[in-house]
Enquirer: 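My questions all concern the structure below.
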Amino acid sequence: MRKFERAGIDFVMLEDSTALTDIYGGTFESELKWTPRAPKHDPMALASRLAYETEKIGIVVTASTSFYPPFLLTRLLSTLDHLSHGRIGWNIVTSTGDRAAQNFGHDTLPVHDERYEIAEEFVDVANALWASWDVDAASPIHPGLESYVDHTKVRTIDHAGKHFKVRGPLNTLPSPQGKPVICQAGASASGIDLAARVADLVVSAPKGRAAMRAYRDTIRSRAAGFGRNPDDVKVLYMVTPILGETEKDARRRAERYYEPTDAAIARRLIMLSGDIDFSRFDVDKPIPDDLHTEGSTSILENLHTWAEGRTIRETVAAERTESLRLVGTPASVADEMESVIEEVGGDGFLFFGGGGGVLNRRYVDDVCDGLMPELRRRGVAGTGFRGQSLREHLAGAR
């Protein structure tokens, strides 16, 4: 984490899952053998430790609107924001897969669009709770002060909605940032609406330059439609740069990374399995047309789009959760990244290594000691933290 901070990485996102699933093959074996989803500890506690060990870098934690009560999560995030001196972000997810629901007293999750409806109301409640204290409600403590909180500047929210009933107010001091930075990875129609309506950061993986431009234009247009300034919504593209000292070295590494071995294909399918057991299908045949999910609908839709008649093996081997395939030396990859932002717009990239086994110490060294210095030399990234909080830093970032 300190290495990321020294390299000038703006923030680290801690993804999360709340279930050990046995969907793929009907056992826990593949999940525990191949995926980064388990074993997994709670990111909230980890965020507190990471904040203690660092000074500037942002820490974005993942938490589901399907399982947390709004008051509990809002209070927890506000506390973390104090402990980190204003460096916390919240990655909103709605959860996928009934195995997670079964850990919280439910047999199944609500259907996809209802989960996003719940998420929208959840964020409304959270924002109201964060605003239930005026920023100047608390005064510096000094001798003779009878109360350092002005009770007239604290109020209930009295929310009574379709899914939540919350009186408020929050019983923590105002968050150092006002509220944590809100992040969302909107891909489905409902997800894009949620991101455009509430997110400060939007993480995305549209394929190729044309799709990246179209996605960003959609987010900005929807944000304006919700009465927001589109410039207040930062759009990041997910990439996994494969770096080498030479172009040839980088290509060799990429060939190993993308090689469609049985183990690699299994690992990818496990990560995509959600509530569909892909182990039932012959990977050397096309994806069945009649598959349906109420989990991550955008992933299944993208799989069908990417397939174009190819087999499951060919589709999964060719397509990853990334907007661009970046392979080369730090200089050539930086060239491509600059070119993309200049052409399609956007606010940066999220380096992503999930599900592919690429996020290891060597990869971190490649990015932090190779790519980031090259981007910093060009003045486009890693040039220093701005302001006192993650929100202030992101507002001042290029």
Side-chain angles (χ1 to χ4, degrees), residues 13-32 34-46 60-77 90-126 159 161-166 182-195 198 203 269-280 290-303 321 354-355:
M13 180 183 291
L14 306 178
E15 54 83 34
D16 194 29
S17 59
T18 53
L20 180 57
T21 179
D22 56 358
I23 298 298
Y24 190 89
T27 75
F28 298 134
E29 179 183 5
S30 296
E31 182 82 1
L32 289 169
W34 294 116
T35 82
R37 294 187 298 210
K40 184 175 293 295
H41 297 289
D42 196 298
M44 298 295 180
L46 178 58
V60 178
V61 292
T62 299
S64 175
T65 56
S66 294
F67 304 128
Y68 267 105
F71 185 92
L72 178 62
L73 180 58
T74 306
R75 183 174 187 246
L76 180 55
L77 290 170
W90 169 28
N91 178 37
I92 301 171
V93 296
T94 65
S95 295
T96 59
D98 293 337
R99 290 294 186 264
Q102 290 157 13
N103 286 335
F104 294 88
H106 310 287
D107 293 327
T108 62
L109 280 170
V111 296
H112 179 273
D113 287 354
E114 184 181 357
R115 294 202 307 277
Y116 278 92
E117 178 185 281
I118 292 169
E120 287 202 9
E121 185 179 340
F122 191 115
V123 177
D124 288 343
V125 173
H159 176 90
K162 180 178 179 181
H163 303 285
F164 301 109
K165 186 175 183 180
V166 182
I182 293 180
C183 178
Q184 218 276 318
S188 66
S190 299
I192 288 173
D193 273 349
L194 177 64
V198 306
V203 176
L269 290 174
I270 295 161
M271 293 298 294
L272 296 170
S273 278
D275 55 2
I276 299 173
D277 181 7
F278 278 98
S279 73
R280 297 184 291 117
D290 59 350
L291 289 184
H292 174 75
T293 182
E294 285 295 343
S296 183
T297 59
S298 61
I299 289 179
L300 184 57
E301 289 169 0
N302 286 337
L303 274 177
T321 306

Enquirer: Taking all non-hydrogen atoms of both residues, which atom of Q102 and which atom of D107 are closest, and how far apart?
Expert: NE2-O, 3.0 Å

Enquirer: Can you give me the closest heavy-atom contact between Q184 and G191, atom names plus distance?
Expert: OE1-O, 3.1 Å

Enquirer: Does any non-hydrogen side-chain atom of H41 lie less than 4.5 Å from one of L46?
Expert: no

Enquirer: Would I118 and F164 count as a side-chain contact (heavy atoms from CB on, under 4.5 Å) here? Give the steps.
Expert: CA-CA 9 Å; I118 292 169; F164 301 109; 3.7 Å; yes

Enquirer: Do S95 and S66 have side-chain N/O donor and acceptor atoms under 3.5 Å apart?
Expert: no

Enquirer: Holding to ring pair (Phe, Tyr, Trp, His ring centres under 6.0 Å), I want the full list of residues that pass it with Y68, two or more places apart in sequence or in another chain.
Expert: none

Enquirer: Using 0.5 Å steps for rounding, measure from the CG atom of L20 to the CZ atom of R99.
Expert: 10.5 Å

Enquirer: Just jot down the salt bridge (Lys or Arg N to Asp or Glu O under 4.0 Å) partners of R75, sequence neighbours excluded, or say none.
Expert: none

Enquirer: Do you know which two heavy atoms are closest between E121 and G161, and how far apart they sit?
Expert: OE2-CA, 3.2 Å

Enquirer: Check for a donor-acceptor pair, side chain of N91 on one end and backbone N or O of M13 on the other, with a separation under 3.5 Å.
Expert: no

Enquirer: Roughly how far, to the nearest 0.5 Å, is the CZ atom of F67 from the CG atom of L73?
Expert: 13.0 Å

Enquirer: Using the rule given for side-chain contact (heavy atoms from CB on, under 4.5 Å), can you reason through L77 versus V61, listing the C-alpha separation, both sets of side-chain angles and the distance that settles it, and then say yes or no?
Expert: CA-CA 9 Å; L77 290 170; V61 292; 3.6 Å; yes

Enquirer: So V198 and E120, do their side chains get closer than 4.5 Å, heavy atoms only?
Expert: no

Enquirer: With a 4.5 Å limit on heavy-atom distance, are the side chains of R115 and T96 in contact?
Expert: yes

Enquirer: What's the separation between atom OG1 in T21 and atom CD1 in I270, rounded to the nearest 0.5 Å?
Expert: 10.5 Å

Enquirer: Search all heavy atoms of T94 against all heavy atoms of S64 and return the closest pair with its distance.
Expert: C-OG, 3.7 Å

Enquirer: I need the W90 CH2 to L76 CG distance, nearest 0.5 Å.
Expert: 11.0 Å

Enquirer: Indicate the atoms forming the closest heavy-atom contact of T62 with M44, along with that distance.
Expert: O-CE, 4.4 Å

Enquirer: So F122 and I92, do their side chains get closer than 4.5 Å, heavy atoms only?
Expert: no

Enquirer: Side chains of H163 and E114: any donor to acceptor distance under 3.5 Å?
Expert: no

Enquirer: Return the set of residues passing salt bridge (Lys or Arg N to Asp or Glu O under 4.0 Å) with D98 (not counting sequence neighbours), or none when no residue passes.
Expert: none

Enquirer: Which heavy atom of D277 sits nearest a heavy atom of G25, and at what distance?
Expert: OD1-N, 3.1 Å

Enquirer: Are the side chains of D193 and Y116 in contact, using a 4.5 Å heavy-atom criterion?
Expert: no

Enquirer: Does some side-chain heavy atom of E31 sit less than 4.5 Å from a side-chain heavy atom of D22?
Expert: no

